[in-house]
Amino acid sequence: MINDIEKVIINEDELSAIVKDLGKRISEDYKDKDLLLVSILKGSVIFMADLMRAISIPCNIDFMAVSSYGSGAKTTGVVKIIKDLDQSIEGKDLLIVEDILDSGKTLNYLREILLARNPASIRICTLFDKPDRREVDVYADYIGSKVPNEFIVGYGLDYDEYYRNLPYIGALKRSVYED
Ligand code: IMP
Ligand code: MG
């Protein structure tokens, strides 16, 4: 697994500092609100687990699973709900917790369908942003870090469902996904 990594992009200490800072900002901004964190499975699972512990105000959590990609590194443009939320979001202050904002298609679609369910508010928190790759107009309210246009894995992010358990963010060797 480690042999497939070209280089470490963000190490464990840097990740921890990024997530703590996001948690502080969110705790401040939502202190008088009814915060519901919605983690988008599976990529945001490690981020979510760390972020919720960096949030010091009362909040609820829920999970949603969508698929926007096939098994590879290229988008198919197809977004499908695989697991929906367990609860009504009416009147809640929703914060969507996503691993990475790439073309923006996934979050654009998610935001639309969740808006139709009448939450009090919706914001987006993404750990990573690849602004150069955007195809639709969608912005995150909280961004952990901008990343270059490279395929990255680890800390929940996968390539073909592997590498999610790497504790740092690494760039995958091109030879792994190009052949
Ligand atoms: P979008 O709809 O193109 O913005 O795709 C977002 C989703 O694509 C993320 O939730 C990830 O699952 C996946 N993705 C995009 N870029 C990467 C990457 O560099 N590494 C791993 N997954 C990625
Ligand atoms: Mg993925």
Side-chain angles (χ1 to χ4, degrees), residues 1-12 14-15 18-19 22 36-52 61-85 94-116 122-179:
M1 181 165 74
I2 283 156
N3 293 334
D4 296 341
I5 301 301
E6 180 79 52
K7 59 177 187 287
V8 175
I9 306 269
I10 304 177
N11 69 32
E12 291 181 63
E14 290 163 337
L15 280 168
I18 288 169
V19 174
L22 288 171
L36 172 63
L37 298 171
V38 173
S39 162
I40 310 306
L41 297 171
K42 300 173 227 172
S44 75
V45 72
I46 300 180
F47 175 41
M48 175 71 164
D50 286 344
L51 180 67
M52 61 192 274
I61 66 165
D62 208 339
F63 296 88
M64 233 174 145
V66 298
S67 87
S68 58
Y69 276 51
S71 60
K74 249 187 108 204
T75 180
T76 59
V78 178
V79 180
K80 186 171 84 188
I81 295 184
I82 293 164
K83 183 219 171 290
D84 208 338
L85 298 172
L94 230 70
L95 185 59
I96 301 175
V97 178
E98 177 61 306
D99 55 354
I100 185 164
L101 186 48
D102 188 34
S103 74
K105 286 178 186 164
T106 309
L107 279 177
N108 194 44
Y109 173 82
L110 264 176
R111 212 170 38 118
E112 292 296 312
I113 57 160
L114 293 174
L115 265 175
I122 295 193
R123 284 186 181 173
I124 292 170
C125 174
T126 186
L127 180 54
F128 301 117
D129 187 14
K130 278 185 189 168
D132 296 346
R133 299 251 311 164
R134 202 75 85 253
E135 290 174 38
V136 295
D137 242 3
V138 53
Y139 303 92
D141 303 278
Y142 302 92
I143 297 167
S145 178
K146 287 188 179 159
V147 288
N149 189 4
E150 274 180 279
F151 201 81
I152 57 173
V153 293
Y155 197 73
L157 285 89
D158 73 305
Y159 172 68
D160 211 2
E161 295 298 328
Y162 287 96
Y163 310 102
R164 293 194 198 273
N165 56 319
L166 285 174
Y168 52 82
I169 295 291
L172 211 52
K173 284 182 182 160
R174 284 195 168 273
S175 58
V176 178
Y177 57 92
E178 276 178 3
D179 60 272

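As the structure lists them, so they are numbered: ligands from 1, and atoms in each ligand from 1.
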Undergrad: Looking at Lys42 and Asp99, is there a salt bridge between them, counting it only when a charged N and a carboxylate O are closer than 4.0 Å?
TA: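 Looking at Lys42 together with Asp99, the answer is no, because their closest N to O distance does not fall below 4.0 Å.
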Undergrad: Taking the minimum heavy-atom distance to atom 2 (O) of ligand 1, which of Ile9, Thr106, Val136 ranks first?
TA: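 Residue with the shortest heavy-atom distance to the ligand atom: Thr106.
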Undergrad: Below a 4.0 angstrom heavy-atom separation, can you tell me which part of Ile100, side chain or backbone, both or neither, approaches ligand 1?
TA: both
Undergrad: Are side-chain heavy atoms of Met1 and Tyr162 found at a separation under 4.5 Å?
TA: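 Sidechains of Tyr162 and Met1: no contact.
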Undergrad: Kindly say whether Phe63 contributes a backbone atom to a donor-acceptor pair with the side chain of Lys83 at under 3.5 angstrom?
TA: yes
Undergrad: Looking at Glu98, which atoms of ligand 1 are within less than 4.0 Å of one of its heavy atoms?
TA: 10 (O)
Undergrad: Please enumerate all residues that pass side chain to side chain contact (heavy atoms under 4.5 Å, CB included) together with Asp50, with sequence neighbours excluded.
TA: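 Result, side chain to side chain contact (heavy atoms under 4.5 Å, CB included) vs Asp50: Val19, Ile46, Arg53, Tyr155.
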Undergrad: Does Glu135 come within less than 4.0 Å of ligand 1, judged by its heavy atoms?
TA: no
Undergrad: Does the plane of the ring in Tyr177 sit parallel, tilted or perpendicular to the ring in Tyr159? Use 30° and 60° as the thresholds.
TA: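 If you compare the ring of Tyr177 with that of Tyr159, the planes turn out tilted.
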Undergrad: Please say which of Asp102, Asp129, Asn108 ends up in a side-chain hydrogen bond (donor to acceptor under 3.5 Å, both in side chains) with Arg134.
TA: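 Of the listed residues Asp102, Asp129, Asn108, the side-chain hydrogen bond (donor to acceptor under 3.5 Å, both in side chains) partner of Arg134 is Asp129.
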Undergrad: Please determine whether any non-hydrogen atom of Asp99 lies less than 4.0 Å from an atom of ligand 1.
TA: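 Under 4.0 Å: yes for Asp99.
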Undergrad: Touching ligand 1 at all, Asp158? Heavy atoms, strictly under 4.0 Å?
TA: yes
Undergrad: Any heavy atom of Gly43 closer to ligand 1 than 4.0 angstrom?
TA: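 No; Gly43 lies far enough from ligand 1 that no heavy-atom distance drops under 4.0 Å.
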Undergrad: Looking at ligand 1, is there an atom of it that comes within less than 4.0 Å of some heavy atom belonging to Glu150?
TA: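 Yes, Glu150 has heavy atoms under 4.0 Å from ligand 1.
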